Protein chains: 2
Amino acid sequence: MNPDELSPVAQDYLKVIWSRTEWGAPPITTGELAQRFGTSAANVTETLKRLDAQGLVARIPYKPVELTEAGAQCAIAMVRRHRLLETYLVEALGYDWDEVHDEAERLEHAVSDTFIARIDAILEHPTADPHGDPIPDADHRWAHPEDARRLASVTGSGRFRVLVVSDADPEVLRTARELGLVPGVELDVDAGESGAAGAGPLVRVLGREGVEVPGSVAEGMLVRPIV
Amino acid sequence: MNPDELSPVAQDYLKVIWSRTEWGAPPITTGELAQRFGTSAANVTETLKRLDAQGLVARIPYKPVELTEAGAQCAIAMVRRHRLLETYLVEALGYDWDEVHDEAERLEHAVSDTFIARIDAILEHPTADPHGDPIPDADHRWAHPEDARRLASVTGSGRFRVLVVSDADPEVLRTARELGLVPGVELDVDAGESGAAGAGPLVRVLGREGVEVPGSVAEGMLVRPIV
DNA sequence: TCATGAATTTAACCTACCTTAAATATGGTC
DNA sequence: GACCATATTTAAGGTAGGTTAAATTCATGA
Ligand SMILES: [Mn+2]
Ligand SMILES: [Mn+2]
Ligand SMILES: [Mn+2]
Ligand SMILES: [Mn+2]
């Protein structure tokens, strides 16, 4: 099913449900969806019933919701749109990486497949958005590193490369940029035992001073060990 | 009032009501709005009641509808968005002039003021869209030539310059382009008495063969006499 | 096993936008 | 001035996406 036969609300639900499990997290619950969309759990239940009736999610009452194959295909198409748009806003329109998410969140429901194909070509088929999130290609294929983990979950010490910085909170993005923590950067991490709540791990970006990474930033950052 | 506090439906109504009088035509009726949006007259009446309650139109039952000052300001902001987007799609994304209208019709409801300001700067503050329609500036000012008329209404003969080709019908745009009838072009027109219905005036583009312009194209084209 | 608190669903109600069918106002015409 | 065709409005009803409050289910700890 083509995602633009769906309402903007349906498109957003599929995208959020899919994104939840992108890095291996368990499926999303009614309450979490309500929080994410700033709406009531009652409204989420009703909306999930409609998506279930359309064959886009497999809903079991009282359980976290999962996508059907059709729902997943629509979701991936929406994720592709969202991330290509974010990339275009940064590369072609001079947006900062903490400004693009909200704009893309609206544009993704309005652009045509033609528009997406044009910016994909102009950007020369990028494989990651400004935050490091992978961009599925036109055939809905993309590469996810197996050994990604949250910086906040790193214990002990070692050398890592930054993969992704979550675009959910603009403040996290601004802080990360100030600390030099952008996708591709190499880090020496020394995280003690398991990180006291609040304070994050001690991190040294190569060629910079050591800094303590705030918990919120470490929580939103995915890294992979360098072999 | 800022137009993005309004629903897409409200935004489109204001834009269409405003556009109707842009070149001096009388205000638009319920029936014409219904036809334009492909909906029922009953639905138009209900929607106009809501716009009236919001102070955006001054509705007198059974009369053509007119905008309030607040409604006109929103309308102009939407027209500006629409025409800047059309221009950007042609200039930056390689769209053809008969493809941009539908895409802009959706994007205009999704873009932020920031987005509009960026493309306005990149395009160096254009004053006309690809069809020749004037683009209001950020202060909602723009220039309309006084002596514009429909090519279909020209009688006798004379020299004219093409101002605008209507973007309502992509087929008209393709035909106009094939005939060389694009904004800025000079024409020698010989239109006989008042044009038999269907067949349009005889037109000779400077440096080209004389051609008979189809009625639908002559109807959608605004020209001004060259002094 | 069973009581309890939290999460979830159901119920009742709302607005915006859409439909079709029926009623009504309007602008000529005789 | 009454009549008629047409445009418009009103009426009744539907769906998507919201709300709050009440009922229900689930997981869990005593
Ligand atoms: Mn969105
Ligand atoms: Mn992103
Ligand atoms: Mn247009
Ligand atoms: Mn529109």
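In this text, all values refer to a predicted model and were calculated from it rather than measured experimentally.
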>> Check B:R81 with B:D4, please: is the shortest side-chain N to carboxylate O separation under 4.0 Å?
In response: yes

>> Looking at B:E66 and B:R59, is any side-chain nitrogen of the basic one under 4.0 Å from a carboxylate oxygen of the acidic one?
In response: no

> So what does A:K63 touch, heavy atoms closer than 4.0 Å: a base, only the sugar-phosphate, or nothing?
Replying inline: nothing

> Taking atom C1' of D:dA23 as reference, at what distance in whole Å does atom OH of A:Y62 sit?
Replying inline: 9 Å

> Separation of A:D12 atom CG from D:dG17 atom P, in whole Å?
Replying inline: 11 Å

> Is it true that A:R224 and A:E146 have a side-chain N and a carboxylate O under 4.0 angstrom from each other?
Replying inline: no

> Looking at C:dT9, C:dC17, D:dG18, which one has an atom nearest to any side-chain atom of A:T30?
Replying inline: C:dT9

> Taking atom P of D:dT25 as reference, at what distance in whole Å does atom CD1 of A:I60 sit?
Replying inline: 17 Å

>> So that I can tick it off, tell me whether B:D98 and B:R177 are bridged by a salt bridge, with the cut-off set at under 4.0 angstrom between side-chain N and carboxylate O.
In response: no

> How close or far is atom C1' of C:dA16 from atom CG of B:L56, stated in whole angstroms?
Replying inline: 15 Å

> Going by heavy atoms in the side chains, are B:E91 and B:P126 under 4.5 Å from each other?
Replying inline: no

> Do any of residues 40-48 of chain B sit with a heavy atom less than 4.0 Å from DNA chain D, and if so which?
Replying inline: B:A41, B:A42, B:T45, B:E46

> Whole-Å distance between D:dA7 C1' and B:I28 CD1?
Replying inline: 15 Å

>> What's the closest nucleotide to the side chain of B:V9 if the choices are C:dC17, D:dG17, D:dT8?
In response: C:dC17

>> I need the NZ-C1' distance between A:K49 and D:dG17, as an integer number of Å.
In response: 14 Å

>> Side chain of B:R50, heavy atoms from C-beta onward: which of C:dA25, C:dA16, C:dT9 has the nearest atom to it?
In response: C:dA16

> Is there a side-chain contact between B:V100 and B:D167 (heavy atoms, below 4.5 Å)?
Replying inline: no

> Between the side chains of B:H109 and B:D12, does any donor sit under 3.5 Å from an acceptor?
Replying inline: yes

> What integer distance in Å separates B:L6:CG from C:dT15:P?
Replying inline: 18 Å

> Side-chain N or O of B:T29 less than 4.0 angstrom from OP1 or OP2 on D:dA7?
Replying inline: no

> Toward the 5' end of DNA chain D, which comes first, A:P61 or A:T39, by nearest nucleotide?
Replying inline: A:T39

>> Without decimals, in angstroms, what is the distance between B:Y13 OH and C:dC17 C1'?
In response: 9 Å

